[in-house]
Amino acid sequence: MLRFDQIEKIYPNGTHALTHLSLELDAGEIVAIIGGSGCGKSTLLRLAAGLDRPSSGSVSVEDTVITAPHEAVGIVFQEPRLLPWLDVAGNIGFGLTHLPRAERHERVVRALERIGLAGYESAWPRELSGGQAQRVSIARALVARPKVLLLDEPFSALDAFTRADLQHALLALWEASRPTLALVTHDVEEAILLADRVVVMQPSPGRVFKEIRIDLPRPRHRLDDAFIAVERRVLHALDGSLGLARQRASTQANVAVGGW
Amino acid sequence: MARAELTADLVGRPAPAARRARAGGGLAAILSSPLVLGLALPVLLALVWEAAAALGLTSRRLMPPPSAIFATLFKLAASGDLWEHIWITTWRVAVGFVIGTVAGTLVGAAAGYSGLTRRLVDPTLQGLRAVPSIAWVPLFILWLGIFEQSKVALIAVGVFFPVYLGVMGEILSVDRKIVEVGRVFRLSGPALVRRILLPAILPAYILALRAGLGLGWMFVVAAEFMGASQGLGYLLVDGQQLGKPDQIIASILVFAVLGKLTDALLVAATRPFLRWKDGFAPAG
């Protein structure tokens, strides 16, 4: 469904964000992408969303190469990015203006019910809590019925209770239409709780270090032995990716010192 | 007017004093109402001025007291002349304001959205912005004659620049993250301007419109110095030529009242569009 093929991304300031990155996400699959800071997780999502272009290689959705934002791809950002001059209904229906008014209204009302905010149509974004605002942001992305939904650390700014609540809400929403989900997160528990596969990235420049399939039945529970065992594997892989990065940085530093 | 005060007006949130007044009632409530508080200073100045004139501390010939000025105003109003002068001046400001606003908004939006357009037009417009209003007068008379077109054009020029600057500058400072939302939903350039950029700058845009309207009232005086036979600017010139300081001051007062009234109308008309705004409400 979503395919990254030999991606290189070098920013104009010379930062080498991604290298030799190839990855494929199947239809309806939930893939969590984790890794240390600076390993290009958000860059990867921006490329998939068509907000940036790779320096070389290609990103495609169902064989359509993504060079600009595409209707098949939706994105939820770390912060809700609601438009403050539109009420909740206006924000959710923002991408549906091509639809007849009645159909747009129906989709918005249904989305509000699904995210547990029925009756909030006329509320202003400033009147919402952080969790409610992020729910609206997820609903805004999902009402457009994308085949691929990208989530860039959508729950990282929320408290633990709200985060757990939203993780369950996200799974429920995903069950309804089963889009492909690419979730960038720093939270290993969250990755295992939600994903079918965890992709561990290593930094400087970013690339795939290891892929771990999560074969646990849903709903998953953090305290189950099987869950904890998978968590250990992921943490081990994460340590490995960071250790490799430290080793590479140290070698580069030695080379640089030798050069002096 | 201070920017904070303008913003507070725009948001339309009643001041704490007004809230207290509504809650308390009675004389204290009336005395602390915005209208009474706003009128307190000019009324006090008028009383001091009247007293100074009565005591012979000022020259009544050069600085007639408020009573003489209001008598002149009533005379002009009773004869119907004042309303004609007010009407023609207001009409000129209104037409110039609409033209300047439309042009300033379109060019400002284009320059804010497109780097190429900005690099092309902004240096020229910034240069023209520095030209004093009075410098346009001979040119506009030459091009457009001494009748209405030249006056309206001068007012439109005065309104254009603050609106242009407000729109262009604010578009450049719109949060990139909000703009990306529009990009994700594949908005075309004009749709991005209409659905993201202009709403995002609305509070600042309204401030720019108010600044433009204020300049419109300033430029109408220069415009009516261009050989007008009607209008409040004409009343000023007429007062100077015939040695009638009461008429000059009366005209200035009418300008002040009209400027304040039209500004209040603009604020009231735009308030419904800013209900979403969550701003600071100053205490006291």
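So that the names make sense, note that chain A is the first sequence line, chain B the second, and so on, each numbered from 1. Computed from a predicted model, the values in this text were never measured in an experiment.
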Between the main-chain N or O of K177(B) and the side-chain N or O of R81(A), is there a donor-acceptor pair closer than 3.5 Å? yes
When G95(A), A49(A), P125(A), P84(A) are compared by non-hydrogen pairs under 4.5 Å with chain B, the top option: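 Going by pairs under 4.5 Å, I would pick P84(A).
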Counting heavy-atom pairs under 4.5 Å with chain B, which one of P69(A), G74(A), A141(A), A144(A) comes out on top?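 Among the listed options, the one with the most contacts to chain B is P69(A).
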Are any non-hydrogen side-chain atoms of [X] and [Y] less than 4.5 angstrom apart?
| X | Y | answer |
| --- | --- | --- |
| K277(B) | W124(A) | no |
| E180(B) | I75(A) | no |
| E71(A) | F185(B) | no |
| V184(B) | F77(A) | yes |

Using a 6.0 Å cut-off, check whether atom [atom1] of [X] has over 12 heavy atoms from anything other than its own residue.
| X | atom1 | answer |
| --- | --- | --- |
| R53(A) | CZ | no |
| F255(B) | CZ | yes |
| D63(A) | CG | no |

What pair of heavy atoms forms the shortest contact from I178(B) to L82(A), and how long is it?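 So the two residues come closest at CD1-O, 3.8 Å.
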How long is the gap from CG on D87(A) to CH2 on W276(B), to the nearest 0.5 Å? 13.0 Å
Results of side chain to side chain contact (heavy atoms under 4.5 Å, CB included) for L187(B) - residues two or more places apart only: F94(A), A191(B), L192(B), R195(B), I196(B)
